[in-house]
Amino acid sequence: MSVHDATSRLTYSLATVPATLATDRPAHLYVVVSNPGPRDVLCKEICVFLPTGGLPKHLLPARQKVTVTAEPADQWTVAEIQDGVLLAQPQDETAAFPAEGTKVAVRPVNGEPVSPTTHGLLLRITDFRTNARAGTALLAVQEEVSVDRGDTWEEHHVTLPVAKFPPTEALSADVVGDLVLYEADAQDNPRSTPATLLKPDQKAVLTWTAPPDAVCDVYYGGKPPVQLTRQEKWQLPVTDLTRDTHFRVQVTLKRSGETITHHLSTAVAVEEPTIDRLTVKSIKPNGPDNVEKTPYLRIEGAVVVDKACHVSGTLYGGEGTLTVGDSVVATKDLTVGTDMNVTGAVASTGDITTDAQFRDAKGTPLRGQLS
């Protein structure tokens, strides 16, 4: 929201965090000051009055302190001079707000140079809590400025309205939010500590906050959404997690004739995940090096390949036995480092030469050339 009063020389824009303020909730205000007009403006000070008290027209409770900073910090000082009264002053005697599209050199009355403020002024008013009454508060801003290079000074006032809504209307973070997954206890209630790692099929409870009139759709694990309405406690038991899972909750509310949607998300990891279908273009090993100085891809347990398995490198049997259920076809040399035991016939289309010992079916040793 921007305000430029008919008599003010500078323009004031106000932003709030959250964008809609809720009563009795943490809040931050940001006031941006600039000069979009055709005349150069010198500024001695800017004073912001925050209405304090317990009425709807007040913004802060009485005696509520705030944290206030200015940007650029090397050109401005700002402080809370009394409850709810903030005073911003240039570190030089005056600050220059050049007119739009111009560059000017200005000097105050005493002749000392002034650092031109070419990017305006930002006041951060943070770390406070609004009062508990819904209503509209008016921030008063007082400026002391000059448009004739400091020969005469003017004082102007502008007001910046700030609305405060009940939390359920403002949809503050404690009204819609806090999506957390907990381990479940024996009664399927959430434990006190959020879950970050679950065992497969371990019971858990997904919890979040939302107004009682909300409609919540829960998405996870590629399943159809689970829709919940009119819940006293917004939570969903989960028992079928077999792999790392991302949760998303869509919260839908009706407010002032409009539909408002919020999205919440969280995730959890699962030990020893089970994946039904997996398509991978590349797997890079990260285990220790083998005898050929190649890193291992270590797999604990049996591996079943339903179709062809192509090995472009060396195939080792390790310390056990490499067993082949069908024919072994060697398109090049077949080398056996130790004894080769053959329980059936040995057939060859070419010569077989060996220095090792072969025996025929009756156990008679054979040496030399076999054909």
Lys57 side-chain N/O to Leu138 backbone N/O, donor-acceptor pair under 3.5 Å | no

Thr242 side chain to Pro200 main-chain N or O, any donor-acceptor pair under 3.5 Å?
-> no

Residue list, salt bridge (charged side-chain N to carboxylate O under 4.0 Å, His left out) with Asp178, at least two apart or on another chain = none

Can you tell me how far NZ of Lys307 sits from SG of Cys309, rounded to the nearest 0.5 angstrom?
-> 14.0 Å

Spatial distance of atom CG (Asp213) from atom OG1 (Thr168) [nearest 0.5 Å] | 8.0 Å

Side chains of Ser8 and Val158 in contact at under 4.5 Å (non-hydrogen atoms) = yes

With the 4.5 Å side-chain cut-off for hydrophobic clustering, are Val175 and Val215 part of the same group?
-> no

Donor-acceptor pair, Asn35 side chain versus Phe97 backbone, under 3.5 Å?
-> yes

Does Thr130 use its side chain to pair, donor to acceptor, with the backbone of Asp24 at less than 3.5 Å?
-> yes

Exam field: side chain Thr245 to backbone Arg243, donor-acceptor pair closer than 3.5 Å | yes

Please check if the side chain of Glu143 supplies one atom and the backbone of Arg9 the other of a donor-acceptor pair under 3.5 Å.
-> yes

Honestly curious: do Val180 and Leu264 fall in one hydrophobic cluster under the side-chain, below-4.5 Å linking rule?
-> no

Separation between CG of Asp244 and NE2 of His246, rounded to the nearest 0.5 Å = 12.0 Å

Arg248 to Tyr219 six-membered ring, cation-pi geometry met (6.0 Å, 45°) | yes

Is a side-chain N or O of Gln202 found less than 3.5 angstrom from the main chain of Leu197, in a donor-acceptor match?
-> no

Examine distances only and state if a side-chain atom of Thr239 and a backbone atom of Lys203 form a donor-acceptor pair shorter than 3.5 Å.
-> no

Looking at CD of Glu144 and CD of Glu155, how far apart are the two atoms once the value is rounded to the nearest 0.5 Å?
-> 6.0 Å

Decide side chain to side chain contact (heavy atoms under 4.5 Å, CB included) for Thr126 and Tyr30; before the verdict, give the C-alpha distance in whole Å, the side-chain angles of both, and the deciding distance to 0.1 Å.
-> CA-CA 8 Å; Thr126 59; Tyr30 299 90; 4.2 Å; yes

Only residue of Tyr182, Trp234, Phe247, Tyr220 satisfying side-chain contact (heavy atoms from CB on, under 4.5 Å) with Leu206 is Phe247

Following the transitive rule for hydrophobic clusters with a side-chain heavy-atom cut-off under 4.5 Å over Ile, Leu, Val, Met, Phe, Trp and Tyr, establish whether Leu228 and Leu253 coincide in one cluster.
-> yes

Are side-chain heavy atoms of Trp153 and Leu42 found at a separation under 4.5 Å?
-> yes

Any donor-acceptor pair under 3.5 Å linking the side chain of Asp83 with the backbone of Ala62?
-> no

Taking only Lys NZ, Arg NE, NH1 and NH2, and the carboxylate oxygens of Asp or Glu, determine whether Arg124 and Glu71 approach each other closer than 4.0 Å.
-> yes

Is there side-chain contact between Leu123 and Leu86, with at least one heavy-atom pair below 4.5 Å?
-> no

Is the closest side-chain heavy-atom distance between Val85 and Cys47 below 4.5 Å?
-> yes

Quick one: do the Lys254 and Thr259 side chains pair a donor with an acceptor below 3.5 Å?
-> yes

Below 4.5 Å, heavy atoms only, C-beta onward: do Thr159 and Phe49 meet side chain to side chain?
-> no

Could you tell me whether Ile81 atom CD1 has more than 12 heavy atoms of other residues or ligands within 6.0 Å of it?
-> yes

For the pair Arg39 and Asp148, find out whether any cationic side-chain nitrogen is under 4.0 Å from an anionic carboxylate oxygen.
-> no

Is there a chain of hydrophobic side chains (I, L, V, M, F, W, Y, each step under 4.5 Å between heavy atoms) that links Val205 to Val226?
-> no

Side chain proximity check, Ile46 to Tyr12, heavy atoms < 4.5 angstrom = yes

Any donor and acceptor pair, going by atom type alone, linking the side chain of Thr252 with main-chain N or O of Thr261 inside 3.5 Å?
-> no

Check: Asn131 and Lys164 side chains under 4.5 Å, non-hydrogen atoms | yes

Atom CZ of Phe165 with >12 non-hydrogen neighbours under 6.0 angstrom | no

Within a strict 4.5 Å, meaning less than it, do heavy atoms of the Glu271 and Lys199 side chains meet?
-> yes

Can Leu179 be reached from Leu198 by stepping across I, L, V, M, F, W or Y side chains whose heavy atoms are under 4.5 Å apart?
-> yes

